[in-house]
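Since the structure comes first, as structure tokens, the remarks are kept for the end.
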Amino acid sequence: MTKLLMLDPSSQDRLTRLQPFLPEGWEVSTTSSRDAADQIAALQGADFAITGDVPVTRAMLEASNLKAVHKWGVGYDNIDLEAAKDQGVRVFRTTGSNAVAVAETTLGLILALNRNLARGHVGILDGKWRKGELAVTSMTLSGRTVGIIGMGYIGSALARLLRGFGCTVLYSKRTPLTPEQEAETGARFAELDELLQASDVVTLNCELNASTKNLIDAAAIAKMKPDALLVNAARGGILVEADLAEAIKNGQLRGAGIDVFSIEPITPDNPLIGLDRVILTPHIGAISADSFAPTVTRMIANLQAVQNGTAPKDIDILV
């Protein structure tokens, strides 16, 4: 029997949904909590593991006999790749699988912030009619300048969506796109400082790594327009949350939409909680019910390739 473990604690309904995608002779189980000891205990006897948000640590890899770990999604900063290499454990992700979902979430946050949708909704729940109050900060997106930090699958998908709004799209990326790619997305390369200074909206759509950790801090925010918006649907560690909270309180930014956090699930002491001009969502940007089947099919195919000694999908290979 081949054993597949879901590291993120999963409901029985979710496990039941996964079952039809498993090859004959495979079984799926899950962990009871995110606690490190529970994770290690659950890994005993597992051949493969899938993680969404749960960290895959060296201790976990050394205490198990895993053949491979698959990331459900794209960002792999929660997996210790060096430890995986040391232990001979293959690591995969579903490259590009959630690009449209995250791009649409980013656009949704931009629109909700610009049009004060969440503030109006919360006001009504509180028995307040904030129409006049919200009018002074409600803006249109059409014709504005949007700066995208990171221009991979997600950033490119967002740029294509923004073309329908007639936006000027700037992007910052370690390696600029080709002229053909820029023409297709309608985006223009800009150095980070130029992007921050020129954009009405700045969105984070890059990976979290050594070069992007704490990239958007107080100094970076100070370069932005005082009526600009900041949206993060990438990774929490790219943004210094305390610095953003201070900027919102001090009126340095008009608002922010945050889907990802430095600690997840978000903790009650996070400085962004309760700020009026900030929309917070529980890392749902990549979630899309209509992508469940193709994503699971792709993950299982990669893991089955390891089992059978065949080649996994090349663009999904991390280790």
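Predicted, not measured: the structure shown is a model, and the values here were computed from it.
- Rounded to the nearest 0.5 Å, atoms CD1 (I124) and NE2 (H121) are 8.5 Å apart.
- A salt bridge links R58 and D86; the closest N-O separation between the charged side-chain nitrogens and carboxylate oxygens is under 4.0 Å.
- Note: the hydrophobic cluster containing I248 also contains I258 (ILVMFWY, side chain heavy atoms under 4.5 Å, direct or indirect links).
- The shortest heavy-atom contact between G236 and V260 is N-CG2, 3.6 Å.
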(request) For the pair R160 and E184, evaluate salt bridge (Lys or Arg N to Asp or Glu O under 4.0 Å) and give the outcome as yes or no after the intermediate values. (result) CA-CA 8 Å; R160 287 190 286 269; E184 192 270 329; 3.0 Å; yes

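- No salt bridge links E207 with K213; every basic N to acidic carboxylate O contact stays at or beyond 4.0 Å.
- In this structure, V89 shares a hydrophobic cluster with L5, L7, I40, L43, V54, V56, M60, L61, L66, V69, Y76, I79, L81, V91, L318, V319, the cluster being traced through Ile, Leu, Val, Met, Phe, Trp and Tyr side chains under 4.5 angstrom apart.
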(request) Tell me, with the steps shown, if T203 and N205 meet side-chain hydrogen bond (donor to acceptor under 3.5 Å, both in side chains). (result) CA-CA 6 Å; T203 82; N205 299 106; 2.5 Å; yes

(request) For H70 and T94, run side chain to side chain contact (heavy atoms under 4.5 Å, CB included): C-alpha distance rounded to whole Å, both residues' side-chain angles, the deciding distance at 0.1 Å, then the answer. (result) CA-CA 8 Å; H70 212 301; T94 49; 3.7 Å; yes

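- The residues D200 and R254 are annotated as not salt-bridged, no charged nitrogen and carboxylate oxygen being separated by less than 4.0 angstrom.
- Residues P265 and R34 come closest through the heavy atom pair CD-NE, 4.2 Å.
- Just one of L280, N114, N232, V231 meets the side chain to side chain contact (heavy atoms under 4.5 Å, CB included) condition when paired with L109; it is V231.
- Looking at every heavy atom in both residues, A42 comes nearest to T31 through CB-CG2, 3.5 Å.
- Between the side chain of S33 and the backbone N or O of D35, at least one donor-acceptor pair lies under 3.5 Å.
- Cation-pi geometry between R188 and Y171 is not satisfied (NZ or CZ under 6.0 Å from the ring centre, within 45° of the ring normal).
- In terms of heavy-atom proximity, G150 sits nearest to C206 at CA-CB, 3.8 Å.
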(request) Start with the C-alpha gap between S211 and N209, add the side-chain angles, then the distance that decides, and say whether side-chain hydrogen bond (donor to acceptor under 3.5 Å, both in side chains) holds. (result) CA-CA 6 Å; S211 66; N209 53 42; 2.7 Å; yes

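- Other residues, nucleotides and ligands contribute at most 12 non-hydrogen atoms within 6.0 Å of the CD atom of E191.
- Taking CG from L113 and CG from L141, the interatomic distance works out to 11.0 Å, rounded to the nearest 0.5 Å.
- Linking ILVMFWY side-chain heavy atoms closer than 4.5 Å, directly or via other members, places V240 and V278 in two distinct hydrophobic clusters.
- Here the closest heavy-atom approach between residue S10 and residue L15 is recorded as CB-CD2, 4.2 Å.
- Of the inter-residue distances, the one linking D47 atom CG with M1 atom CE reads 10.5 Å to the nearest 0.5 angstrom.
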(request) Could you go through the side chain to side chain contact (heavy atoms under 4.5 Å, CB included) check for E133 and R119 one step at a time? (result) CA-CA 10 Å; E133 174 192 347; R119 297 177 77 197; 4.2 Å; yes

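- Other residues, nucleotides and ligands place more than 12 heavy atoms under 6.0 Å from the NZ atom of K249.
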(request) Show your working on side-chain hydrogen bond (donor to acceptor under 3.5 Å, both in side chains) between T57 and D80 and close with a plain yes or no. (result) CA-CA 6 Å; T57 64; D80 190 329; over 6 Å; no

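- Under a hydrophobic-cluster definition in which Ile, Leu, Val, Met, Phe, Trp and Tyr are linked whenever side-chain heavy atoms come within less than 4.5 Å, directly or via other members, M139 and L162 are assigned to different clusters.
- Across L230, L195, L229, V201, a single residue satisfies side chain to side chain contact (heavy atoms under 4.5 Å, CB included) together with M224, and that is L230.
- For D217 (side chain) and A220 (main-chain N/O), a donor-acceptor pair under 3.5 Å exists by modelled atom type.
- Relative to the ring axis of W72, R298 does not place its NZ or CZ within 45° and under 6.0 Å from the centre.
- Taken from CZ in R14 to CZ in F292, the straight-line distance is 5.5 Å, to the nearest 0.5 Å.
- Among D269, N270, I263, the one residue that satisfies the side chain to side chain contact (heavy atoms under 4.5 Å, CB included) test with I266 is N270.
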(request) Evaluate side chain to side chain contact (heavy atoms under 4.5 Å, CB included) for M151 paired with T185, printing each intermediate quantity in order. (result) CA-CA 10 Å; M151 199 63 169; T185 58; 4.0 Å; yes

(request) Might you work through the side chain to side chain contact (heavy atoms under 4.5 Å, CB included) test for I216 and L204, ending with a clear yes or no? (result) CA-CA 9 Å; I216 304 302; L204 308 184; 3.7 Å; yes

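- Between atom CD of residue Q307 and atom CD1 of residue I300 there is a gap of 11.0 Å, rounded to the nearest 0.5 Å.
- Grouping the Ile, Leu, Val, Met, Phe, Trp and Tyr side chains by contacts below 4.5 angstrom, directly or via other members, places V169 with F165.
- Not less than 6.0 angstrom separates the ring centroid of F21 from the ring centroid of W26.
- E241 places a side-chain N or O within donor-acceptor distance of the main-chain N or O of S262, the cut-off being under 3.5 Å.
- The nearest pair of heavy atoms linking D259 to E264 is O-OE2, 4.4 Å.
- Counting non-hydrogen atoms of neighbouring residues, nucleotides and ligands closer than 6.0 angstrom, the NZ atom of K3 reaches no more than 12 such neighbours.
- Hydrophobic clustering of Ile, Leu, Val, Met, Phe, Trp and Tyr side chains at less than 4.5 Å, counting indirect connections, keeps L161 apart from I149.
- Without hydrogens or angle criteria, T168 side chain to T145 main chain gives no donor-acceptor distance under 3.5 Å.
- For S199 (side chain) and L196 (main-chain N/O), no donor-acceptor pair under 3.5 Å exists by modelled atom type.
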